[in-house]
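Below you'll find the structure, written out as structure tokens, and then a few comments.
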Amino acid sequence: MGPEHQPSPLWATRWLQAAGVYNLVWGAVVVAAPNALFDLAGMQRMQYPEIWQCVGMVVGVYGVAYLLAARDHRTHWPIVLVGLLGKILGPIGFALAFARGTFSPVFAITILTNDLVWWIPFGMMLWDAARSRGQLPSGPAPSLDTAMESLVDQHGRDLRSLTEGQPALVVLLRHAGCTFCRETLDDLSRKQNLIRDRGYRIAVVTMSDDQQNARLGRTYGLESASWFSDPDRIAYRALELRRGGFMQLFGPRVLFRGVMALLRGHGLGLPAGDGFQMPGAFVIRDGRLVRMFRHQRASDRPDYQSFACEMPQR
């Protein structure tokens, strides 16, 4: 059974059940007494209360959707996403109306109970749903020998043979759309001659297919590097590269570095593979690990020139 079919955690089920019941009750009250909230807030009643009753009806329908999604939020994540978008846009609309003096401050009670209190649990459910879809296979990780012998580059050479007789700088990327991965490829491109002058081969491992790897190689002038496609993340698992947590992927330092990388022109793209996968860099010689750098944050930027330092002669 794949991770995407595992049952939802109880906390997510309870939150969606609560959201469903709340929406049904709130919607029913608005339909039955459309002027009650306006009277409570000391606001003028609507000229056409039927419009407000339609809002109550829509909110009640959302309640039904939440109750259905409560059975498995990982499968029904689009319902959670649409709900969260509404709960974000609602307060924005209220803030604009409040700034114009249209709404009374008392009306903000509705924004608190209808929208704000649900931001964190709905956000957590979307995060959980996204992570569950790319979980690594259960069971022991493959050995490094198995991983190196199973991966073959664009020239038909496996990773193990690439490391025989001289060291290889092996860089495992997150995904092709990651701005930090594009920054990494740019760094490798700029320093590839120096790295090779020190006796290293360069290998890049991605979760992309061979065609996308070839495009990346041309884009960054790294056609002479060995490119390995690893959609099953055999090498990632063998080298103990984990999936990142929220702070590792979206923490303040990561976001700041991401903005800086974007300003330098590295851009963004669609993920090719698991967007939660953490990257790493390794020096391997004769099938043995010599040096390793496992990213603690997606934004970590190793100095590949220093990493690929001079190796003792044999």
Side-chain angles (χ1 to χ4, degrees), residues 3-134 246 249-250 255 268 270-271 275:
E4 65 273 20
H5 298 298
Q6 292 178 357
S8 295
L10 183 61
W11 64 265
T13 298
R14 292 288 183 260
W15 271 106
L16 282 173
Q17 288 174 339
V21 171
Y22 173 85
N23 276 41
L24 286 172
V25 171
W26 193 92
V29 170
V30 168
V31 170
N35 294 313
L37 185 59
F38 294 90
D39 293 343
L40 178 64
M43 297 172 58
Q44 183 179 353
R45 289 185 172 185
M46 295 186 67
Q47 186 174 359
Y48 300 102
E50 294 84 1
I51 296 177
W52 191 237
Q53 287 176 310
C54 285
V55 173
M57 178 192 67
V58 171
V59 171
V61 169
Y62 267 97
V64 175
Y66 293 151
L67 290 175
L68 292 174
R71 296 181 299 175
D72 185 0
H73 79 279
R74 290 170 176 165
T75 297
H76 302 295
W77 64 266
I79 294 176
V80 182
L81 175 61
V82 171
L84 181 59
L85 290 175
K87 295 177 185 304
I88 292 174
L89 295 175
I92 293 175
F94 169 80
L96 294 175
F98 180 75
R100 292 194 298 264
T102 306
F103 279 171
S104 164
V106 179
F107 208 84
I109 296 175
T110 299
I111 298 300
L112 175 63
T113 56
N114 280 24
D115 304 308
L116 300 184
V117 298
W118 307 101
W119 281 9
I120 291 178
F122 274 46
M124 289 174 60
M125 280 184 266
L126 289 175
W127 173 265
D128 175 75
R131 280 187 60 86
S132 70
R133 301 184 74 84
F246 184 84
L249 298 172
F250 301 107
L255 294 179
L268 286 170
L270 295 175

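All of these numbers come straight from a predicted model, not from anything done at the bench.
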Item to complete: For R71, check side-chain hydrogen bond (donor to acceptor under 3.5 Å, both in side chains) against everything at least two apart and list the hits.
Response: none
Worksheet entry | F122 backbone acceptor or donor facing W15 side chain under 3.5 Å | no
Discussion item. Is it the case that over 12 heavy atoms from other parts of the model lie below 6.0 angstrom from the CD atom of E50?
Written reply: yes
Item to complete: Count the heavy atoms belonging to other residues, nucleotides or ligands that lie under 6.0 Å from CD1 of I120, then report whether that count exceeds 12.
Response: no
Discussion item. Suppose we screen for ring pair (Phe, Tyr, Trp, His ring centres under 6.0 Å). Which residues come up paired with W11, at least two apart in sequence or across chains?
Written reply: none
Exercise: identify the closest heavy-atom pair between [X] and [Y]:
X    : Y    : value
D128 : H73  : OD2-NE2, 2.9 Å
G90  : I111 : O-CD1, 4.2 Å
G56  : V31  : C-CG2, 4.1 Å
F38  : Q44  : CD2-O, 3.9 Å
N35  : P49  : OD1-CB, 4.2 Å
K87  : W119 : O-NE1, 2.8 Å

Separation between [atom1] of [X] and [atom2] of [Y], rounded to the nearest 0.5 Å:
X    : Y    : atom1 : atom2 : result
Q17  : L10  : CD    : CG    : 8.0 Å
L67  : T13  : CG    : OG1   : 11.5 Å
L255 : L249 : CG    : CG    : 10.0 Å

Discussion item. Quick check: do M125 and W77 have side-chain heavy atoms less than 4.5 Å from each other?
Written reply: no
Result block: side-chain N/O donor-acceptor pairs under 3.5 angstrom for residues 21-29, not counting sequence neighbours:
from: Y22; atom 1: OH; to: T113; atom 2: OG1; distance (Å): 2.8
from: Y22; atom 1: OH; to: N114; atom 2: OD1; distance (Å): 2.3
from: N23; atom 1: ND2; to: V59; atom 2: O; distance (Å): 3.1

Worksheet item: Do the rings of F98 and F94 sit parallel, tilted or perpendicular, given the 30° and 60° boundaries?
Response: parallel
Practice prompt. Apply the side chain to side chain contact (heavy atoms under 4.5 Å, CB included) test between Y66 and each candidate in I79, V61, V80; give the one that qualifies.
Written response: I79
Worksheet item: Does the pair V117 and L112 meet the rule for a side-chain contact (heavy atoms from CB on, under 4.5 Å), with working shown?
Response: CA-CA 6 Å; V117 298; L112 175 63; 4.0 Å; yes
